[in-house]
2 protein chains.
Amino acid sequence: MQKTAMEIDQAAIILKLLGDRTRLTMLKILDEEVCCVCEFVDIFGMSQPSISQHLRKLKDIGMVREERKGQWIFYSINKSHDDYPFVRELLGQLPSQIYKLTELEAQGRRISCC
Amino acid sequence: MQKTAMEIDQAAIILKLLGDRTRLTMLKILDEEVCCVCEFVDIFGMSQPSISQHLRKLKDIGMVREERKGQWIFYSINKSHDDYPFVRELLGQLPSQIYKLTELEAQGRRISCC
DNA sequence: TTAATATATAATTATTTGCTTATATAATCA
DNA sequence: TGATTATATAAGCAAATAATTATATATTAA
């Protein structure tokens with residue numbers, strides 16, 4: 001049986017969210033690793049509220065989930081989302097961004113929180 | 001040899017453009033058929049300048065091309081664009097929108113211009 | 001040539017977006 | 001307990017967006 005094709009309006013909503021370099025990179029990273037807010041702040045060199053707001057948008061459509069672990073809140077991609085296959089296909093065509101985490105780690109800034 | 005992965009910033013630019021229901025539907029249609037401006041005006045029930053402006057954005061990144069035929073200007077998708085494979089993969093996951101053209105035709109409004 | 005048709009561009013406007021700063025909440029640590 | 005750290009939310013603002021109306025340009029038809 002074939003997968004139901006995605007509705008075009010729903011696709012437009014998702015693409016609009018992914019059409020931002022910060023969120024697109026976030027999702028690409030989250031497709032490979034779980035990550036906490038402070039890491040994203042570090043990676044993107046943006047203010048913490050700005051990062052929180054981007055994550056909020058991804059959470060609002062259910063594409064990411066959060067899980068508190070003590071002081072930190074970890075975000076992960078929601079692979080059970082109806083539209084995850086669509087997103088995954090798309091992310092699959094982009095180069096891995098894991099090197100950004102590797103860089104953090106090299107500077108000892110990843111361990112500090114995660 | 002493997003295809004070079006798309007740059008993430010370039011992907012974000014394209015996704016932002018596709019993150020609009022009008023442009024996304026346009027591109028989906030153009031991936032299957034050549035179309036002229038007046039047909040889009042009819043299909044979307046939007047003003048002609050609005051349609052022209054959406055087409056302009058798609059043209060600005062080189063994803064569509066225009067070709068004048070007399071009075072009319074026909075738009076087609078640019079399959080030679082470096083990022084066309086990315087776009088195609090994405091569009092391939094969406095349901096065909098050709099029925100919108102079929103509807104026009106049924107009302108005798110397609111023949112009128114094309 | 002004049003009128004009609006198809007399209008593009010310019011100007012305007014309301015809405016949305018993405019950032020900032022300020023503040024609130026929650027958990028940990030001394 | 002009080003201080004620190006991590007995060008979220010609220011408010012404000014400048015820039016971008018997507019629509020509209022008005023106008024310009026190009027082609028065809030009378």
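Protein chains get the first letters and strands the later ones, always in sequence-line order, with residue 1 at the start of each. Predicted model only: the values in this text are computed from it and were never measured.
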Self-check item: B:Ser52 side-chain N/O to C:dT7 phosphate OP1/OP2 under 4.0 Å
Solution: no
Practice problem: Measure from the side-chain heavy atoms of A:Trp72 and tell me the nearest of C:dT21, D:dA18, D:dT7. | Solution: D:dT7
Quiz item: Looking for any heavy atom pair under 4.0 Å, which part of the strands does B:Phe40 touch: base, sugar-phosphate only, or nothing?
Solution: nothing
Quiz item: Quick one: B:Ile73 CD1 to C:dT5 P, roughly how many Å, whole number?
Solution: 17 Å
Quiz item: How would you label the contact of B:Lys16 with the nucleic acid (heavy atoms, under 4.0 Å): base, sugar-phosphate, or nothing?
Solution: sugar-phosphate
Quiz prompt | Nearest-angstrom distance from the residue atom CZ of B:Arg68 to C1' of D:dA26 | solution = 5 Å
Quiz item: Can you tell which of D:dA8, D:dT21, C:dG18 lies closest to the side chain of A:Arg23?
Solution: C:dG18
Self-check item: Between D:dT17 (P) and B:Leu58 (CG): distance, integer Å
Solution: 13 Å
Quiz item: Atom CD of A:Gln53 and atom C1' of C:dT23: how far apart are they, to the nearest Å?
Solution: 13 Å
Practice problem: Might you point out which heavy atoms bring A:Met63 and A:Val87 nearest each other, and give the distance in Å? | Solution: CE-CG2, 3.7 Å
Quiz item: What's the CE-C1' distance between B:Met46 and D:dT17, to the nearest Å?
Solution: 12 Å
Exercise. Write down the distance between CZ (A:Phe44) and P (C:dT20), rounded to a whole number of angstrom.
Key: 14 Å
Quiz item: Does OP1 or OP2 of C:dT20 have a side-chain N or O of A:Ser47 closer than 4.0 Å?
Solution: yes
Quiz item: For D:dT17, does either OP1 or OP2 sit under 4.0 Å from a side-chain N or O belonging to B:His54?
Solution: no
Quiz prompt | Contact check, side chains of B:Arg23 and B:Lys57, non-hydrogen atoms, under 4.5 Å | solution = yes
Quiz item: Base, sugar-phosphate, or nothing: which does A:Lys69 touch, judged by heavy atoms less than 4.0 Å apart?
Solution: nothing
Exercise. With heavy atoms under 4.0 Å as the rule, sort B:Lys57 into base, sugar-phosphate or nothing.
Key: sugar-phosphate
Quiz item: Picking from D:dT20, D:dT5, C:dA8, which would you name as closest to the side chain of B:Ser50?
Solution: D:dT20
Self-check item: Whole-Å distance separating the CG atom of A:Leu55 from the P atom of D:dA6
Solution: 16 Å
Self-check item: Common cluster, B:Ile8/A:Tyr99, ILVMFWY with side-chain heavy-atom separation under 4.5 Å
Solution: no
Quiz prompt | Atom-to-atom span, CD1 of A:Ile51 to P of C:dG18 - whole angstrom | solution = 13 Å
Practice problem: Please tell me which of A:Pro49 and B:Pro49 maps to the more 5' nucleotide of DNA chain C, matching each residue to the nucleotide holding its nearest heavy atom. | Solution: B:Pro49
Quiz prompt | Donor-acceptor pair present, B:Gln48 side chain and C:dA8 base, under 3.5 Å | solution = yes
Self-check item: N or O in side chain of A:Tyr75 less than 4.0 angstrom from D:dA6 OP1/OP2
Solution: no
Quiz item: Under 4.0 angstrom, heavy atoms only, what part of the nucleic acid is A:Arg21 near: base, sugar-phosphate, or nothing?
Solution: nothing
Quiz item: Which distance, rounded to the nearest 0.5 Å, do you find between the OG1 of A:Thr102 and the CD of A:Gln97?
Solution: 11.0 Å
Quiz item: For the side chain of A:Arg56, counting heavy atoms from C-beta on, which of D:dT20, D:dT9, D:dT7 is nearest?
Solution: D:dT9
Quiz prompt | B:Ser96 and B:Glu32 side chains, donor-acceptor separation under 3.5 Å | solution = yes
